[in-house]
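On a predicted model such as this, the values are computed, not experimentally measured, just so you know. Residue numbering restarts at 1 for every chain, and letters A, B, ... go by the order of the sequence lines.
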Protein chains: 2
Amino acid sequence: MKNKNSRLETIRLIISEQDIKNQEQLLQVLNSRGFSVTQATLSRDLKKMKISKVANTYGDYLYVLPNHALLQKKANGLASEGISASQPRYGFVSLNFSGNMIVIKTKPGYASSLAYDIDNHNVPGVLGTIAGDDTLLMVLAEGSNRQEIKRLLEPIIISL
Amino acid sequence: MKNKNSRLETIRLIISEQDIKNQEQLLQVLNSRGFSVTQATLSRDLKKMKISKVANTYGDYLYVLPNHALLQKKANGLASEGISASQPRYGFVSLNFSGNMIVIKTKPGYASSLAYDIDNHNVPGVLGTIAGDDTLLMVLAEGSNRQEIKRLLEPIIISL
DNA sequence: CGCCATTAGGAATATTTATGCAATATGAAA
DNA sequence: TTTCATATTGCATAAATATTCCTAATGGCG
C-alpha cells in the first residue's frame, strides 16, 4: 500500500528492470510488491512521470523512462562540501561541487531518474542537468550559494 | 493515393515536421496531402516504422521517429543576455551562461542534433559540447566574450 | 492462361489507455 | 479542532490504438 511516492519510485524501478508491455502487466508486478491500485491510477502515474512506450529492435513496444541520456561521463570532484546519504534513494552514491557544477554519482542506471526528479522540483539555481548512466551533472546559476543548493537538494535525494 | 512507400515516407516527414498527437490528426494531414486511408492502416504503418509516442517537456505525448537524431526542426526566438523562446515551437527552448559554460535547453530529443550542428560550425571560443536528451552543455574557452559567442551561436540555432 | 502465394487495406471489433465524476484523505490556516 | 482547499483514487466510460477477418489486387510460375 504505502504512499504514492514510493509507488512511483517502484514503477520507475520496474520499468528500468524488466520489459513491461502494458499497464495490466505493470499492475501484476506492482501487486507482487505490495502495491494495490487500479489501471486508472497507473495511467496517471505514467503520465506524471512522462514514461512512454517505444519500440525495441524486435518491434515490441515497451515502457521506458524519459530523459535517457546519450552520453556518459566520469567526474572527479573534490568532496569537502558533499553529501553522503544515510538512506540513499535512487541509488545515490555521492555529491560533489566543482566550480559552478555539481557532480552526483549514483549506482549504475539510476542517474536519469534522479535527474528527472531534480528537474521536476525546479530547484532555484539549477540551470539544467545532464544524466549519464551513473553520473549526473548539474550546472548551477552564477552566484549560487552552495550550501543553499545543497540544502534544497538533500531532501530530494535522501528523503523517503 | 499513390503507393504505400510514399505514404510511409510522407508520414515520416509529417511526424518530424509537426506535432502529431494521435492517429486521427495524422489522418487529417495525410488527407490534405492526397492520401486516403483509415486509422487501421495508420496503426499498421506506425508500427512498421517503429514510431512511438513520447512526452515532451509540457507533458504532451507526441509521435516521434525511432531515431531521435532524425528530429530536425527550426528554432525561433532569441533574447537579451541569454536567448529564450517565449513560445517555443521548435526544439530550442532557452540559453543561459554560467561561468565558462552555456546551458541550452531543448525539447526532448533535440539536444544532440543541435550539439552536432554547433560542433560542425567550429565556433571559436567553444571548446566542446556534450548533450543529453533535452540539455546541451557547451564549455567555453577562458576569457571568451559572451556577446561575441552569442552572436556566433544565434544564426546556428535559428537556422537549424 | 489458371493457380497459388503474398500483400494491402477496409470494417468491425478487441484491447489498451485516458478521463469525468464523486468520494475520501491530507494538509494548511484560523 | 473546524473549515477550506488540494490531492489521491476508484469506478465507469470515453478515447485511442491494435487486431481479426475478409476481400481485392498483384506477381510469379507451370
Nearest whole angstrom, please: distance from the [atom2] of [N] to the [atom1] of [X].
| X | N | atom1 | atom2 | result |
| --- | --- | --- | --- | --- |
| A/Gln39 | D/dA16 | CD | C1' | 12 Å |
| B/Leu27 | D/dA16 | CG | C1' | 13 Å |
| B/Phe35 | C/dA8 | CZ | C1' | 15 Å |
| B/Asn22 | C/dA18 | CG | P | 12 Å |
| B/Asp45 | C/dG10 | CG | P | 10 Å |
| A/Leu8 | D/dT8 | CG | P | 9 Å |
| A/Ile20 | C/dT16 | CD1 | P | 14 Å |
| B/Ile11 | C/dA8 | CD1 | P | 13 Å |

Hey, is the side chain of [X] poking within less than 4.0 Å of OP1 or OP2 on [N], counting only N and O atoms?
| X | N | answer |
| --- | --- | --- |
| B/Gln23 | D/dA18 | yes |
| A/Tyr61 | C/dT15 | no |
| A/Arg7 | D/dT9 | yes |
| A/Tyr63 | C/dT17 | yes |

Q: Please indicate whether A/Lys53 has more than 12 foreign heavy atoms, meaning atoms of other residues, nucleotides or ligands, lying under 6.0 Å from its NZ.
A: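 Correct, the count exceeds 12.
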Among [options], the one nearest [X] by side-chain distance:
| X | options | value |
| --- | --- | --- |
| B/Lys53 | C/dT16, D/dA16, D/dC11 | D/dA16 |
| B/Ser43 | D/dT17, C/dT17, D/dG10 | D/dT17 |
| B/Lys4 | D/dT8, D/dA18, C/dG9 | C/dG9 |
| A/Thr41 | C/dG9, D/dT20, D/dT9 | D/dT9 |
| A/Lys48 | D/dT17, D/dT8, D/dC21 | D/dT8 |

Q) Quick check: does any side chain N or O of B/Gln39 sit under 3.5 Å from a backbone N or O of B/Leu27, one acting as donor and the other as acceptor? A)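 Side chain of B/Gln39 to backbone of B/Leu27, a donor-acceptor pair under 3.5 Å: no, none is there.
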Q | Heavy-atom pair of closest approach, residues B/Ser98 and A/Ala141 | A |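 Closest heavy-atom pair between B/Ser98 and A/Ala141: OG-C, 4.0 Å.
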Q) Testing B/Leu26, B/Asn22, B/Ile51 for side chain to side chain contact (heavy atoms under 4.5 Å, CB included) with B/Leu42, which one passes? A)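 In the set B/Leu26, B/Asn22, B/Ile51, the residue that makes a side chain to side chain contact (heavy atoms under 4.5 Å, CB included) with B/Leu42 is B/Leu26.
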Q | Test salt bridge (Lys or Arg N to Asp or Glu O under 4.0 Å) applied to A/Asp45 and A/Lys50, A/Arg12, A/Arg7, the passing residue | A |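 Testing each of A/Lys50, A/Arg12, A/Arg7 against A/Asp45, the sole residue satisfying salt bridge (Lys or Arg N to Asp or Glu O under 4.0 Å) is A/Arg7.
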